[in-house]
Amino acid sequence: MARHENVRVDMARLWSTLMRSAEIGATPRGGLRRLALSEEDGQMRRQFGAWCEAAGCTLHVDAIGNMMALRPGTDPDGKAVLVGSHLDTQIKGGRFDGVLGVLAGLELIRTLNDHDIQTRLPIAVVNWTNEEGARFEPPMIGSAVFTGEKSVDFACSRTDRDGITLGAALDAIGFRGGDTIGPAQCDSLFELHIEQGPRLDAEKIQVGIVTGAFAVRGFIVEVTGETGHVGPTPMPARRNALVGAAHVTLAVEDIGWSRHETGGKSTTMRLKAEPNLLGILPDRVEMTCDLRHAREDVVAQMMDAFVQRIPDLEARSRCRIAIRESWSYGGMQFDAGCIGLVRAAVDRLGASHTDLLTEAGHDAMHVARHLPTAMIFTPCEDGLSHNEAENVTLADIEPGVNVLLQAVLARAL
Ligand SMILES: [Zn+2]
């Protein structure tokens with residue numbers, strides 16, 4: 001047992017793997033553009049698959065393109081310990097968001113091979129399809145299909161801005177698989193990820209033990225006005241939907257500020273105006289908004305606060321304002337047993353650490369409703385993410401990667 005506890009990953013090899021990934025979809029400013037199921041994603045998937053097979057794993061691909069590279073265990077009935085994250089990126093994304101979690105999983109397998117360590121349970125390195133949602137909405141759709149929360153048909157019928165369906169995109173890169181893998185075949189999930197926030201870097205803390213997730217409420221607001229000529233239409237007669245949208249944006253912003261001292265956040269992140277032309281008052285705006293807080297009841301209060309503002313926003317803009325669709329996720333605690341393994345590994349390694357909640361969405365949040373799940377955060381420079389300048393050093397990630405190895409080993413042995 002002591003022997004296993006002294007095992008460490010080969011950081012130089014992991015780094016060279018990360019830097020190879022950083023070439024596939026590289027942007028001129030040092031980031032990555034590797035949209036889900038694009039040509040670049042296909043190339044990265046083939047590279048990842050080749051690495052996994054070279055490490056002795058058997059590659060499984062399901063109907064939504066989730067990749068699972070399986071290293072068998074000694075127990076023929078053993079369920080797989082999943083380790084992974086995502087290889088797709090934002091349009092102007094960084095080199096480590098998601099990628100670190102997948103390639104650290106691969107490095108973990110290579111390390112077990114180097115030390116000839118057999119585990120009782122199989123270990124599967126997973127690459128979830130379309131985590132970012134930058135090409136196909138909603139995000140995290142691969143893990144939602146894995147858990148059964150979304151159907152394969154629903155997922156494959158999502159379209160990108162060019163009208164290409166997710167199913168067609170899977171076919172185009174050859175990643176519509178035939179394997180059926182769900183929570184029933186799996187034991188647990190460990191996801192390592194960069195923090196994507198500033199705390200660990202600012203406080204020089206090596207490892208974030210993620211105990212749960214912020215509660216998130218997203219909603220689409222529809223603002224309805226009336227078209228008219230921007231010249232002759234008198235000010236009192238105007239019903240400009242963009243003015244309504246401006247009032248909504250500021251009201252949503254106020255709600256985040258009213259809760260920011262306890263970590264609350266609010267965002268208006270997208271706006272579609274119609275007809276969106278010169279010379280004409282817009283008559284319709286659709287906007288997507290997002291409220292976040294550690295506590296689910298507070299997010300509910302934030303939502304109520306917005307709903308109560310609507311009549312006033314309507315009066316000020318002379319537009320109709322309605323919430324057309326809303327959704328929520330997060331707000332859960334991760335598994336105490338898996339967190340305990342992470343905590344024990346952190347203590348053994350002597351890494352500085354803190355407990356925190358994830359404020360971003362992750363596949364682990366879908367999976368956590370079905371399997372024991374834990375997340376580990378590493379620092380990233382200035383907390384910057386979803387940005388081409390996203391950066392980590394080898395020293396930033398070394399403690400977290402070894403914590404992942406030790407926690408997974410403790411679960412699988
Ligand atoms: Zn990510």
Side-chain angles (χ1 to χ4, degrees), residues 14 17-18 21-22 24-25 27 31-38 40-41 44-45 48 64-67 82-106 125-147 189-201 207-208 210 212-214 216 218 265 267 269 290 292 329-330 334 356-368 373-392 396-397 400-401 404:
L14 172 59
T17 311
L18 286 164
S21 154
I24 302 173
T27 62
L32 274 180
R33 178 192 167 97
R34 197 157 69 207
L35 295 178
L37 311 180
S38 63
E40 294 79 13
D41 190 27
M44 184 64 216
R45 286 164 167 266
F48 171 63
I64 187 69
N66 291 322
M67 300 173 71
L82 300 176
V83 191
S85 192
H86 59 96
L87 293 171
D88 69 321
T89 77
Q90 288 285 335
I91 288 174
K92 290 184 177 182
R95 299 171 294 165
F96 303 100
D97 173 359
V99 180
L100 174 64
V102 180
L103 298 184
L106 167 64
V125 187
V126 55
N127 168 36
W128 302 111
T129 294
N130 190 52
E131 192 276 346
E132 293 290 6
R135 182 175 178 197
F136 299 102
E137 296 177 15
M140 301 179 281
I141 205 166
S143 52
V145 169
F146 167 82
T147 62
L189 168 71
F190 290 82
E191 181 169 359
L192 176 77
H193 206 283
I194 59 170
E195 183 194 3
Q196 302 181 284
R199 186 167 162 211
L200 298 178
D201 188 46
V207 177
V210 188
F214 260 49
V216 180
K265 315 246 166 45
T267 313
M269 53 197 165
D290 181 297
R292 299 185 187 218
Y329 62 89
F334 287 136
L356 38 68
L357 299 173
T358 173
E359 301 186 37
H362 294 289
D363 293 302
M365 290 153 67
H366 281 319
V367 178
T373 295
M375 287 195 78
I376 302 162
F377 278 172
T378 68
C380 58
E381 194 177 296
D382 298 328
L384 199 63
S385 178
H386 286 192
N387 188 306
E388 290 168 280
E390 177 187 284
N391 196 33
V392 302
D396 288 333
I397 60 173
V401 172
L404 177 75

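Whatever order the structure lists them in is the order used to number ligands and atoms, beginning at 1.
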Task: Donor-acceptor contact below 3.5 Å, side chain E390 vs main chain G93 - done: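 No; zero donor-acceptor contacts below 3.5 Å.
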TODO: Kindly say whether S21 contributes a backbone atom to a donor-acceptor pair with the side chain of R95 at under 3.5 angstrom?
DONE: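 No, because the side chain of R95 does not come within donor-acceptor range (under 3.5 Å) of the backbone of S21.
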TODO: Count up the protein N, O or S atoms sitting under 2.8 Å from the Zn ion (ligand 1), would you?
DONE: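 Total protein N/O/S atoms under 2.8 Å from the Zn ion (ligand 1): 3.
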TODO: Assess whether side chain to side chain donor-acceptor pair (under 3.5 Å) is satisfied between D97 and H193, documenting all intermediate values.
DONE: CA-CA 7 Å; D97 173 359; H193 206 283; 2.9 Å; yes
Open item on the list: Could you go through T129 and V145, starting from their C-alpha distance and side-chain angles, then the distance that decides it, and tell me whether this counts as side-chain contact (heavy atoms from CB on, under 4.5 Å)?
Closed with: CA-CA 10 Å; T129 294; V145 169; over 6 Å; no
Open item on the list: Between the side chains of D290 and R292, is the shortest nitrogen-to-carboxylate-oxygen separation below 4.0 Å, so that they form an ion pair?
Closed with: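 Judged by the 4.0 Å cut-off on N to carboxylate O distance, R292 and D290 do form a salt bridge.
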Task: Which residues share a side chain to side chain contact (heavy atoms under 4.5 Å, CB included) with R33, sequence neighbours left out - done: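 Residues passing side chain to side chain contact (heavy atoms under 4.5 Å, CB included) with R33: T27, L35, I91.
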